[in-house]
**Student:** 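What follows is a single structure, and I will ask about it in a moment.
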Amino acid sequence: MKTLIITGASQGIGRATAVEMSNREDIGNIALVARNEKNLEETKALMNPKCNVMVVPHDMTDLEGIEKIVDKIYKEFKSIDLLINGAGFVNPTALLDTTIENFTQTFTVNTVSMLVMIKACVRYMKGKDAKILNIASTAGSTSRPGWVAYASAKAGVISLSKTLADELRDYKIKVYCISPGRCATELRRILAPEEDPTTIMQPEDVAKIISNLLEEEENCLDGQDIIVRQK
Ligand SMILES: NC(=O)c1ccc[n+]([C@@H]2O[C@H](COP(=O)([O-])OP(=O)(O)OC[C@H]3O[C@@H](n4cnc5c(N)ncnc54)[C@H](OP(=O)(O)O)[C@@H]3O)[C@@H](O)[C@H]2O)c1
């Protein structure tokens, strides 16, 4: 039985993915990471009860603490086979209005904590046919005036995913990167408050694609920026 860690599991795409992955027969253990413990418990309640679920409240800006939570998860489940990096933060502001705090928070949650999380997990994944999936954004590969911190942080996610797909191949670890377009979540509401969420892609649509990519048989889509967008 495989063990999966999902960050950003308290709502939106991360929650839908946790539910989707809990229905897979090859997955027995799932660790849910985010700050809001109550929302993580709500995610757990929606999941297939056949899975062992560990709720791990953690603020990803506490970079030093990431290795500790990964050690705790490994101690409990004795393996780490799959990692989905879904934690994301956006506070869209034009360059001259963006504070240092906003730049730092945006890059730390979306990009730096992802690198730290991957490093912590790879210690346990080496040589095990493991898979890592990072959630970037179409904002990372196109111009987004007014969202410069978020867009450039997501460009970093695309870049780190391509590099690590090559670098970690020797460890038999595959690294995937998806870039969703507009998806009906709280993060999207912050970016486009006037938009009707029923007219855009739903978190469950993205969750199904993530699950497909993390199937053992999927063997050729790693190391690419996979755009997930409704026509
Ligand atoms: N929705 C879209 O249109 C869209 C498009 C492209 C890419 N994405 C990406 O998809 C991913 C999931 O986002 P979403 O759309 O599902 O948004 P969401 O519903 O707002 O979820 C964001 C998740 O990130 C977690 N998070 C935020 N700050 C955190 C922190 N400091 N420490 C730990 N966890 C933190 C939140 O949990 P807590 O608040 O409980 O900590 C939440 O679980 C993100 O990487 C986002 O950038 C979304």
Side-chain angles (χ1 to χ4, degrees), residues 5-20 30-44 46 55-66 68-70 83-92 101-102 104-118 120 132-142 144 147 149-158 160-161 176-207 209-210 225-230:
I5 301 178
I6 309 180
T7 73
S10 60
Q11 59 185 35
I13 294 170
R15 170 178 282 178
T17 303
V19 173
E20 179 74 27
I30 303 185
L32 306 174
V33 184
R35 288 167 302 181
N36 189 319
E37 188 168 0
K38 184 172 158 285
N39 288 353
L40 287 174
E41 290 290 351
E42 277 178 27
T43 300
K44 180 178 173 180
L46 294 168
V55 164
V56 186
H58 187 72
D59 185 332
M60 294 301 279
T61 63
D62 171 11
L63 298 171
E64 299 292 335
I66 290 176
K68 294 193 188 92
I69 62 164
V70 170
L83 167 66
I84 299 169
N85 283 308
F89 168 81
V90 70
N91 177 5
E101 191 198 2
N102 185 352
T104 307
Q105 177 85 3
T106 308
F107 271 82
T108 305
V109 177
N110 292 287
T111 319
V112 182
S113 71
M114 185 183 284
L115 276 171
V116 177
M117 187 71 180
I118 292 171
I132 296 167
L133 184 140
N134 302 325
I135 306 186
S137 168
T138 50
S141 58
T142 51
R144 296 298 159 101
W147 313 358
Y150 181 73
S152 51
K154 288 300 188 182
V157 173
I158 295 168
L160 75 86
S161 303
Y176 293 83
C177 176
I178 64 160
S179 283
R182 303 176 304 154
C183 179
T185 66
E186 174 58 19
L187 184 140
R188 178 66 196 173
R189 194 193 59 73
I190 294 167
L191 290 169
E194 306 302 328
E195 187 174 64
D196 175 356
T198 64
T199 62
I200 59 175
M201 191 164 63
Q202 300 300 305
E204 292 72 22
D205 300 324
V206 182
I209 289 161
I210 293 173
D225 178 21
I226 301 167
I227 309 289
V228 177
R229 191 167 43 194
Q230 212 168 35

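Numbering of ligands and ligand atoms starts at 1, following listing order. All residue numbers in this chain count up from 1 along the given sequence.
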**Student:** Any salt bridge between Lys38 and Glu41, counting N to O under 4.0 Å?
**Tutor:** no
**Student:** So does Glu42 pair up with Arg15, basic N to acidic O under 4.0 Å?
**Tutor:** yes
**Student:** How many angstroms lie between CG in Asp225 and CD1 in Ile178, if you round to the nearest 0.5 Å?
**Tutor:** 10.0 Å
**Student:** Look only at the side chain of Glu64 and the backbone of Asp62, and say whether a donor-acceptor pair between them is shorter than 3.5 Å.
**Tutor:** no
**Student:** In Å and rounded to the nearest 0.5 Å, what is the CZ to NE2 distance from Arg35 to His58?
**Tutor:** 11.0 Å
**Student:** Report all protein residues having a heavy-atom distance below 4.0 Å to some atom of ligand 1; order the list by chain, then number.
**Tutor:** Gly8, Ala9, Ser10, Gln11, Gly12, Ile13, Ala34, Arg35, Asn36, His58, Asp59, Met60, Gly86, Ala87, Gly88, Val109, Ile135, Ala136, Ser137, Tyr150, Lys154, Pro180, Gly181, Arg182, Cys183, Thr185, Glu186, Leu187, Arg188
**Student:** Are the side chain of Lys44 and the backbone of Leu32 linked by a donor-acceptor contact shorter than 3.5 Å?
**Tutor:** no
